[in-house]
Every structure is written in structure tokens, then in C-alpha cells.
Amino acid sequence: SWLYTMLPIASLAYLALLILPVLNFIRNYRYVQFIRKYGLLEADVKWRMFVQNVSAHMGITKPVHIWMSEWVTSPVTIGYLKPIVLQPVAAINHLSPEQIEAVILHELSHIRRFDFLINLITRAIQTILYFNPFVKAFSKIIETEREKHCDEMVLQFQYEPHGYASALLTLEKAAIRTHTLAVAANTGKKHDLLARIESILGVHKKQVFSFNKLAGVMAALLCFISLNALILLSKPGESKLRPGLLTDLSVPFHLFTPAAESRDMAAAEYPKAEITNPTIINIPSDKPVLTSKNK
């Protein structure tokens with residue numbers, strides 16, 4: 001009963017707290033639309049030709065445009081139907097031509113995988129289910145695997161791993177904050193970028209036992225047990241235990257009982273039936289009855 005009473009209150013609290021993630025989602029979307037239209041500079045001809053050639057080689061059917069932007073601090077990809085690649089004006093001057101090509105190829109890999117659309121859908125789900133930690137963890141896994149696949153695509157084009165890793169570090173130093181809806185080349189936190197660089201360079205670290213993962217597993221198990229207990233306790237109806245079951249357990253159980261005692265216990269458990277209105281049946285006998293005279 002208390003669960004049904006608290007359900008409307010919990011629903012109102014959910015809707016009230018939903019305002020914050022929805023406003024954040026709208027603000028991010030408006031920012032993406034802003035950097036798509038303003039502060040753009042035309043990229044050099046060789047980079048536009050490079051984008052067209054590599055897009056055709058990767059099988060990207062949509063026309064992809066590349067621009068230099070004054071508002072981004074890291075290369076980003078925006079758009080699904082009309083994708084564009086934005087390169088930062090400030091950070092691009094510190095990279096070599098091969099490093100710029102590797103970074104552009106990383107962004108083209110996002111376009112080939114439709115990562116902008118997938119990222120938009122996952123952010124919308126994460127906004128609605130903001131209270132669920134498993135949704136956030138799932139979104140984090142998608143982001144990690146997405147960046148890992150794009151890094152592997154860059155290495156498949158035979159770009160030098162050390163140069164590509166140093167380009168990511170240079171972009172990280174110049175980056176302030178990457179927008180959540182735009183798919184960037186160096187998304188995530190610093191330790192995520194470190195894991196990417198180790199994967200690019202082929203550095204395999206020894207797995208260390210993590211207490212945080214153990215605590216997360218134990219917390220999830222505790223939540224699952226608590227939820228099941230709450231559901232079982234909230235169900236109306238009588239208990240499924242048979243009356244007298246606990247009282248029967250108090251009777252001592254004899255493993256080795258003598259035969260006589262077993263018969264007595266069986267007789268006590270199953271008493272003889274009382275016969276009412278007995279019927280006398282005379283059975284004729286052919287044998288003579290012995291009397292004292294016959295003897």
C-alpha cells in the first residue's frame with residue numbers, strides 16, 4: 001500500500017528533475033547549430049580534395065564538407081544528412097600535414113559509421129533515463145568503442161602511430177571542452193585519452209584489480225536483491241508456508257529407530273478404524289466339532 005502511495009510522488013519528482021537534463025540537451029543542440037553556421041572559414045583546397053578522395057575510397061555516399069572554425073578547439077563532426085568536419089584554427093597550425101590528414105581521417109570514420117546519429121540517440125536516451133547508472137555506463141562503453149574503432153581505421157591507412165598519438169596530445173592541450181552532441185577526435189577524460197594512446201602505440205598494461213569495479217558489482221547485486229525483496233513483500237495474500245510446518249520441525253527426527261518403536265509410531269499416526277454395526281456371518285464348516293465324549 002505504501003508503494004502505491006509513494007508512486008505519484010516519485011513520478012512528480014522524476015518530472016521535476018527531468019527539467020535539468022532536458023535543458024542541458026537543448027543547450028547542447030543549440031550550440032551545435034551555432035557552430036555549424038557561424039565562425040566558419042574556408043579550408044585549403046588540398047584538404048577539400050583530400051576529404052573528397054578519402055570519402056570516395058571509404059564508400060561515403062553523402063557529400064562531406066570541411067571548414068575551419070573559430071569556435072571549436074578540437075576537430076568535430078556535425079550532421080547526418082549533410083555532414084561537415086570542423087577543424088580548429090588555433091590548434092591546426094601546430095600539426096604537420098600527415099597529422100592533419102590522420103585527424104581528418106578519424107572524423108571521416110565517424111561519418112562512415114553514422115556516429116553522429118547514434119550519439120544523438122544515445123544522448124536522448126540518457127537524458128530521459130538520467131537516474132539510471134546503467135544507461136550512463138552503456139553510453140560510456142559505446143563512446144569508448146567508437147573512438148577505438150576510428151583510431152584503428154587511421155592505423156589501417158598506414159599512418160605513423162607516434163605521430164598520430166602526438167597529434168591527439170596536441171589537440172588535447174588546446175581543447176577546453178568538447179560538446180557532447182558533436183563527435184570529436186579527442187572525446188572523454190584524460191585517462192580515456194591515455195588509454196587510447198596506449199592502444200595506438202601497442203602498449204599493453206597489466207590488469208590490476210579494481211576495487212571500484214568490485215564495489216559497482218556489489219552495489220548492483222544489492223539493488224537487485226532489494227528490488228526483489230520489495231516486490232515479494234508488496235504482494236498481497238497469505239504466505240505460501242503450510243500452517244504447522246514450523247511446529248512440525250520441532251519434533252525430533254530419529255534416524256535409527258527400532259522396529260517396535262517404528263510400529264508404535266505408525267500405529268499412533270494411523271489409528272485403527274472403529275467398526276460400527278457389525279454383521280455376523282456364519283461360515284459352515286465340514287470339520288466335526290470335538291467334544292469331551294468324542295475324545
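The structure presented is a predicted model; accordingly, all values stated were derived computationally and were not measured. Along the sequence shown, the residues carry numbers beginning at 1.
Between Q126 and F25, every side-chain heavy-atom pair lies at or beyond the 4.5 Å cut-off. Side-chain contact between E42 and R48 is present, with heavy atoms from C-beta onward closer than 4.5 Å. Here the side chains of E107 and C150 are not in contact, with every heavy-atom distance at 4.5 Å or above. Two residues are said to be in side-chain contact when any heavy atoms from C-beta on lie closer than 4.5 Å; R113 and R146 meet this criterion.
You'll find the ring centres of F157 and H57 inside the 6.0 Å limit. Between Y38 and W71, the ring centre distance reaches or exceeds 6.0 Å.
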query: Could you walk me through whether E143 and R123 pass the salt bridge (Lys or Arg N to Asp or Glu O under 4.0 Å) check?
result: CA-CA 11 Å; E143 180 180 343; R123 294 298 176 182; 3.8 Å; yes
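With hydrogens and angles disregarded, a donor-acceptor distance shorter than 3.5 Å links the side chain of N28 to the backbone of N24.
Within a 6.0 Å sphere centred on CZ of F138, heavy atoms belonging to other residues, nucleotides or ligands number 12 at most. The 12-atom threshold is exceeded at CD of E152, counting heavy atoms of other residues, nucleotides or ligands nearer than 6.0 Å.
Ring geometry, F131 versus Y14: the interplanar angle exceeds 60°, so the pair is classed perpendicular (tilted spans 30 to 60°).
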Only distances under 3.5 Å count here; give the side-chain donor-acceptor pairs of residues 78-91 to other protein atoms, sequence neighbours excluded, each with its distance to 0.1 Å.
none

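Salt bridge annotation for D44-K46: absent, with no cationic side-chain nitrogen under 4.0 angstrom from a carboxylate oxygen.
No side-chain N or O of Y159 forms a donor-acceptor pair with one of E98 less than 3.5 Å apart.
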